[in-house]
Amino acid sequence: MTPIPFDKAALVQGLYSILPELVVIGTAIAVLLADLLLPERGKKSLCHLGIAGTAVAILAALSLGPGRIDGFSGMIVHDGVGLFITLTILATTLLTLLMATGYSEWEGTQKGEFYALLLFSAAGMLFMAKGTDLMTVFLGLETMSIPIYCLVGFHRDRMTSLEGALKYFLLGAFASGFLLYGIALIYSATGTTKIPAIAGMIGDLRLFGNPVFVAGVGLLLVGFAFKVSLVPFHMWTPDAYQGAPTVVTAFMAAGVKAAAFAALLRVTMLIFPALGPGMTNILWVLAFLTMTVGNLAALLQDNVKRMLAYSSIAHAGYILVGLVSVDVAGGQAALFYLLVYAFMNLGAFGVIMLLAHREDDGYDIGNFKGVGFRYPALGGLLTLFLVSLAGIPPTAGFIGKFYLFSAAVKNGYVGLAVLGVLNSAVSVYYYLRPVVYMYMLPAPGEVPVPRPPRTAFSLALCISAAAVLVLGLAPRSVLAFAERSILSLLM
Amino acid sequence: METVLFILFGAIAVCGAIMVVTRKSPMASALYLILTLFAVAALFVLRQAHFLAAIQVIVYAGAVVVLFVFVIMLINVPEDRLPVERATTTRVLGVIAAGFFVLESAVLARRYWMPKGPAAEVGTVEAVGRALFTDYLLAFEITSVLLLAAVIGAIALAKRKT
């Protein structure tokens, strides 16, 4: 038996390519250990430790720069898209942890496991977004999902939390099965699980006519569709989002979407063009259904948290419009929108978390009556985030949607763009409904007192609000960064 | 010879799987599941995937099903208290979907019958070990993180309230 040669240079390069992940995982383990050592009243610092670790991970990602670093014999890559999504995911994690400082105090999630699971999940997202091998993508997806199932059910004494966790877990397990089966079929047709290698083979092997390969790609698509909750694979979303602790809901909506769309982007950009129009048509239908069903269902909701859950489904549809185009403009728009969505979504969840003053029925829209003039800062912030979600200028949401739909028009999908704009118009109704309640309806007596925001929580809201405004007014450099990232992916 | 064994073990696996879903008693289902898993392990051996066969027996037939059996015995529902199965619409649709699946598999199997020639040496213990610590090192390490996260999550959900 020959010994395995040890290639030190390759290993070091590999470790560089996963530097942010290593920092995040290290932080998660440090949080767990600190949980054992700290006295009961010092548990607050656990969250601060997580925040510091995430900040270091962001610096680590930035220090790597946008250059391409392949790691671990083509299993993972740090490239432009990887960096963009890494920053999106880490920003989501950072904002979530900043908000968790307050949330944990109110709801008793001041526990090492809570933060550690959040960080493990973030690490999984990073692996998934940077994986160039379907195996890395799958393992990243599992590392992302399993902690989230547990986080959704973290409020063990609430039925809604447990119900959401169970539904999410069962459907998520099925989705993983679909994804894995798809990967297995693709492997049996091509003999590899590396995405670039598969893309290179499509022409040679005439894989488009191979039913095993096409079935594999289809199952892969179903697996991703579950994770980003595309209609008709969205059934778990409202219950899981409503039942989960609200910080976790915000984290899921932005983070899982960013990671899963990044992986889907790698697959669609490299594999789908060679497969002809069939696959693109499927994406077209999925995008249309997701936008429409998400928005129409959101119209009927009286619980703001549930409404934002349906809105998250609708947003998955908008982002998919960018992927339908399978070109630079579409990919760029999708990347940009994922970043924008992270900020406006976290911001909106953050404000309703404060206004709701208690979990479950606190998110009823009736509670928002008259809040706007009584608490002008919170009212103004919520209005800003909702306006951005609705896609009204001068916010980042408008720029994001503008680029998504114009990419669709540029590639000849005028019908889809029109449907998208119509959907946005419908969504204005339910996004502005809380605003109407806040400013135009009289309070039924006295306005419930919002939860007092701590410094960290206020900081998170300020960062989100600033990002929504800056990306709305001066998006050029970020858009250029997104464009360069997609170009580097296609090379 | 190989074909005969393949058909034999394949038939055992399929029959066992059918028995798993048709038996009324959960214990009988679990035992048939062991049979199916053993038959599948035998199929792996036929394709020179020794490592996979061993894992199949140790992890699935051994650990996982033993866990099932434990749970069944702990819950211990008497025979007459078992829920009655009814032919609901969902079930009928499920059977139709399963029929389609079988049909599709049959079409694929006709087209890509048995692989020609002996399987490559990728399934032996040595080859798997080598791949695990060279090309798939990262996958191996991510799995360890995944398992750690899963253990922590399970404890967080299941531990006694303090």
Side-chain angles (χ1 to χ4, degrees), chain A residues 1-2 4-7 10-11 14 17-18 21 24-25 28-29 32 71-76 111-114 116-117 119-121 123-124 127-128 131 133 135-136 138-151 153-154 156-157 162 165 185 188-189 191 193-194 210-212 215, chain B residues 40 44 47 49 52 64 90 93-94 97 100-115 119-162:
Chain A
M1 196 201 286
T2 49
I4 298 171
F6 176 61
D7 188 349
L11 185 64
S17 71
I18 57 165
E21 286 92 326
V24 172
I25 293 170
I29 293 170
L32 281 175
F72 297 98
S73 28
M75 294 290 281
I76 200 160
K111 293 192 175 116
E113 309 89 271
F114 187 77
L117 287 173
L119 289 165
F120 277 127
S121 176
F127 280 124
M128 186 178 181
D133 188 307
M135 203 183 283
T136 319
F138 173 72
L139 286 171
L141 179 128
E142 287 295 285
T143 314
M144 163 180 91
S145 306
I146 287 180
I148 289 200
Y149 303 144
C150 303
L151 286 171
F154 210 84
R156 279 189 293 163
D157 37 9
L162 291 177
L185 289 182
S188 73
T193 49
K194 297 204 182 340
N210 183 340
V212 176
Chain B
V40 173
F44 284 142
R47 294 306 300 159
L52 210 52
V64 174
T90 337
L93 285 177
F100 269 113
F101 186 75
V102 171
L103 215 68
E104 282 165 19
S105 313
V107 170
L108 288 184
R110 269 175 66 91
R111 207 157 144 182
Y112 306 92
W113 183 225
M114 295 274 282
E121 294 279 312
V122 292
T124 60
V125 179
E126 190 195 335
V128 170
R130 202 167 268 278
L132 212 52
F133 288 99
T134 53
D135 288 351
Y136 295 105
L137 180 63
L138 182 68
F140 184 69
E141 296 295 342
I142 299 178
T143 311
S144 62
V145 174
L146 169 63
L147 290 177
L148 176 63
V151 168
I152 294 165
I155 293 173
L157 284 186
K159 78 172 174 202
R160 202 180 297 254
K161 280 182 191 133
T162 45

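In this text, all values refer to a predicted model and were calculated from it rather than measured experimentally. What you see below is based on every heavy atom in this structure, not just the backbone, and it leaves out hydrogens, waters and symmetry mates. All chains are named by letter (A, B, ...) in the order of the sequence lines, taking the proteins before the strands, and each is independently numbered beginning at 1.
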Bottom line for Leu151(A): the part with an atom under 4.5 Å from chain B's heavy atoms is neither
So, the part of Leu119(A) with a heavy atom under 4.5 Å from chain B: the answer is neither
Separation between CD (Glu141(B)) and OH (Tyr136(B)), nearest 0.5 Å, reads 15.5 Å
Under 4.5 Å to a heavy atom of chain B? For Asp7(A) that would be neither
If one checks every heavy atom of Phe72(A) against chain B at 4.5 Å, the contacting part turns out to be both
Item checked: Non-hydrogen side-chain atoms of Asp133(A) and Ile76(A) separated by less than 4.5 Å -> no
side-chain contact (heavy atoms from CB on, under 4.5 Å) with Phe120(A): of Ile148(A), Ile25(A), Ile146(A), only one passes, and it is Ile25(A)
When the 4.5 angstrom heavy-atom criterion is applied to Leu139(A) and chain B, the contacting part is both
- Item | side chain to side chain contact (heavy atoms under 4.5 Å, CB included) between Phe127(A) and Leu141(A), intermediate numbers included | CA-CA 8 Å; Phe127(A) 280 124; Leu141(A) 179 128; over 6 Å; no
Whatever's closer than 4.5 Å to a heavy atom in chain B on Ile18(A) counts as side chain
The reported gap from OG1 in Thr143(B) to CZ in Phe138(A) (rounded to nearest 0.5 angstrom) is 9.5 Å
